[in-house]
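The structure under discussion appears below in the form of structure tokens.
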2 protein chains.
Amino acid sequence: MASTITDVAKLAGVSAQTVSRTINTPELVSKKTLDKVQRAIHALDYHPNLTARLLVNNKVRSIGLFMPFSSDQVKQSLFFSTLSAAICQFCSQNNLIMQMFTSMSREDSSRLFVKLFKERQVGGLILTCPSVSNEELIHLLSEKIPFIIVGRPGILTAQIPYVDVDNVKAGSIAIEHLIKFGHRRIGFLNGPSNMTLSTDLREGVTAISRTLPELEMMESETNLTLECGYIEALKLLRSERRPTAIFTADDLLAVGVKKAADELNLRIPEDLSIISGVQNGWGLILPFKLTHVDTQFEKLGDIAAQHMARHILNEEPINLSKLLEVRLVEGQSCGSVL
Amino acid sequence: MASTITDVAKLAGVSAQTVSRTINTPELVSKKTLDKVQRAIHALDYHPNLTARLLVNNKVRSIGLFMPFSSDQVKQSLFFSTLSAAICQFCSQNNLIMQMFTSMSREDSSRLFVKLFKERQVGGLILTCPSVSNEELIHLLSEKIPFIIVGRPGILTAQIPYVDVDNVKAGSIAIEHLIKFGHRRIGFLNGPSNMTLSTDLREGVTAISRTLPELEMMESETNLTLECGYIEALKLLRSERRPTAIFTADDLLAVGVKKAADELNLRIPEDLSIISGVQNGWGLILPFKLTHVDTQFEKLGDIAAQHMARHILNEEPINLSKLLEVRLVEGQSCGSVL
DNA sequence: CTGAAAGCGCTTACAG
DNA sequence: CTGAAAGCGCTTACAG
């Protein structure tokens, strides 16, 4: 059996609360007693029971991260591992506990979240969009569960705490960049229609294309997998009105485009320019530097964790900047139209 | 304030332990009381405080996973995200809590592990090799901390619980496959020398090469990154005695080899055969199916989690099969020597 | 600076 | 089938 505070107290010849003070507020204990108690702690290899401390303090020190492992996209994406790594590092640095959850089925996971919070297993949750449905979000709001979403939710963006990359801006600057190179027929491999990522990118693209009537955008929906990017790119590149440039929602899709271009013997950037939205990590694999929008998405985890941490520790919340700035990073995958 | 068991008891007009029974052993409660209590639970939106339950039951339901996020290799590798996904899924399915940790500095993390266990924050730990040093392992053993390592540790393999892929076998069957195709000069991009992965692969390779004196193996050490694979492959392929095939420790290295081959205008498999050890996920990106050794490494997380779960739940441990079987998966990246 | 008392929210025997 | 009592390991006021 592990030794308890009482064991230490007996051995040191003091009361339990003196032992407690030695650990929590040593400045209130005399040097002599401190020494005695510490000796006893050492001798018994005493470690205070965290569960008991949490109970009496009525505190929770855990942040829950919900991961949608059921979808294939997650397995291929480095986005989620980057996110969890950032949250884990933040928690380890700030003496918080990071718990990871996933759902077995496609059922209502908001019930799980409510349970986790109300049973005091977690003090708050970090969720990802769009793995939580709008109904679930409303449920969480009505139950007053503390949470933050990584990725813009589909509804109530004013009332729901979230952080996201500025995808609208990302869409705009990507297309602007291509236009500058003279491209007027541009393919657009977007994400799935149920993601706000896709809506936002399209909004950014449209904002620019509206100003340039001769611009021809050819948008395809993908599920953000390599395979799908490859197939949709092939379709675009084989069409009669072959685009001279393709804008992809992320770099995994860009790799798919490259694969299709190779197959059709199209050189990059001479025959085809490629520009990517989020750089998730796969782009590194390409034999050229991929021109892309730096979204600093690796900061999302840190911001989300910090937000939840303030909540859990009862510190006053700081202004949550909902959108991260983006900027263009020029690589070698874009060129002028010949 | 959240309602407690006493609140429910009062409202239902019963004692607290009847409420407790309603939740934990409803078969011992009369239908009538059951109904009354459940109504009160519902009315008060009562959720039993997990911390209090754990304290009185003297139980821990958490498995800790230690991730070496400090190293670059982790960020590029899909191995760790696959591992954490598997463990997370197992825990969610078995009503266990998965906690993720990382270390800030390169200091002694075994102290952290001892603390986590003795303060009863976790019931056991899943570690990865080689992120835990031999000294730390010995420390953990001497402190009797329950743990399991994913990956073969460098020492005391008989006494330390671990699961790993059968890398010796993987090395052997990869080389055998190349020999069958007539290759006699083979490059070998191994992992870093401090990993048992590398030792094991080499052992498997050597076991075969010993039987065939004319075989010329050219081994290079890499840090398992794309960049390093590319550079080492370039060296090999530019050398006077250019190998006709390259065996890489994992598929990220294989992608590096492909990049180098492209640069030198070497066709695969006509001019160069490639075979990869572990298929981590990056291989998917190649324009051909990569011949590789299927190590089923995605099972490692599940096995490790199951092992720790049995320990935590005080079930008798089942025989831990330390090595997973491997088998060759033929792709399109290997061919006969011309 | 230190200790006796009370309590955090729950469950486990023990009676009845 | 149900309740009174005791206790899990700790900390927080309250005295002294």
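Between A:Thr18 and C:dG3 there is a side-chain polar atom (N or O) within less than 4.0 angstrom of OP1 or OP2. For the OP1/OP2 pair of C:dT12 and a distance below 4.0 Å, the side-chain nitrogens and oxygens of B:Asn57 include at least one atom meeting the criterion. An OP1 or OP2 oxygen of D:dC10 is reached within less than 4.0 angstrom by no side-chain nitrogen or oxygen of A:Ser20.
Side-chain atoms of A:Val122 and A:Phe101, non-hydrogen and from C-beta on, do get closer than 4.5 Å to each other.
The distance from atom NE2 of B:His47 to atom C1' of C:dC10 is 16 Å, rounded to the nearest whole Å. If you take CD of B:Gln17 and C1' of C:dG9, they are 13 Å apart, rounded to a whole angstrom. Rounded to a whole Å, the NZ atom of A:Lys36 is 12 Å from the C1' atom of C:dC1. Rounding to whole angstrom units, NZ of residue A:Lys59 and P of D:dC10 are separated by 16 Å. A:Arg53 places its CZ atom 22 Å from the P atom of C:dC10, with the value rounded to the nearest Å. The separation between B:Asn49 atom CG and C:dC10 atom P is 5 Å, rounded to whole Å. As rounded to whole Å, 11 Å separates atom C1' of D:dC14 from atom CZ of A:Arg21. Distance, A:Ile23 CD1 to D:dG9 C1': 11 Å, rounded to whole Å.
For B:Ser109 and B:Glu136, the side-chain atoms include at least one donor-acceptor pair closer than 3.5 Å. For the residue pair A:Thr102/B:Gln89, the side-chain donor-acceptor check at 3.5 Å is not satisfied. In the model, B:Asn94 has no side-chain atom that pairs as donor or acceptor with a side-chain atom of B:Arg61 under 3.5 Å. In the model, A:Thr82 has no side-chain atom that pairs as donor or acceptor with a side-chain atom of A:Glu298 under 3.5 Å. Side chain to side chain, A:Ser15 and A:Thr18 meet the donor-acceptor criterion of an N or O pair below 3.5 Å.
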Exercise. Would you write the dot-bracket representation of DNA chain D, where each base gets (, ), [, ], | or . depending on whether it forms a Watson-Crick or G-U pair under 3.5 Å and with which partner?
Key: |||.||||||||.|||

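DNA chain C is contacted by A:Val14, A:Ser15 of residues 5-15 of chain A, taking any non-hydrogen atom closer than 4.0 Å.
With the nearest nucleotide of DNA chain D identified for both B:Leu55 and B:Leu34, B:Leu34 has the one nearer the 5' end.
Two rings, from B:Phe66 and B:Phe113, have their centers less than 6.0 Å apart.
With hydrogens and angles ignored, the 3.5 Å screen pairs a side-chain donor or acceptor of A:Ser3 with a backbone N or O of A:Leu44. Side-chain atoms of B:Thr196 come within 3.5 Å of backbone N or O of B:Arg152 as a donor-acceptor pair.
Closest contact between the side chain of A:Ala16 and the listed nucleotides C:dC8, D:dT11, C:dT11 involves D:dT11.
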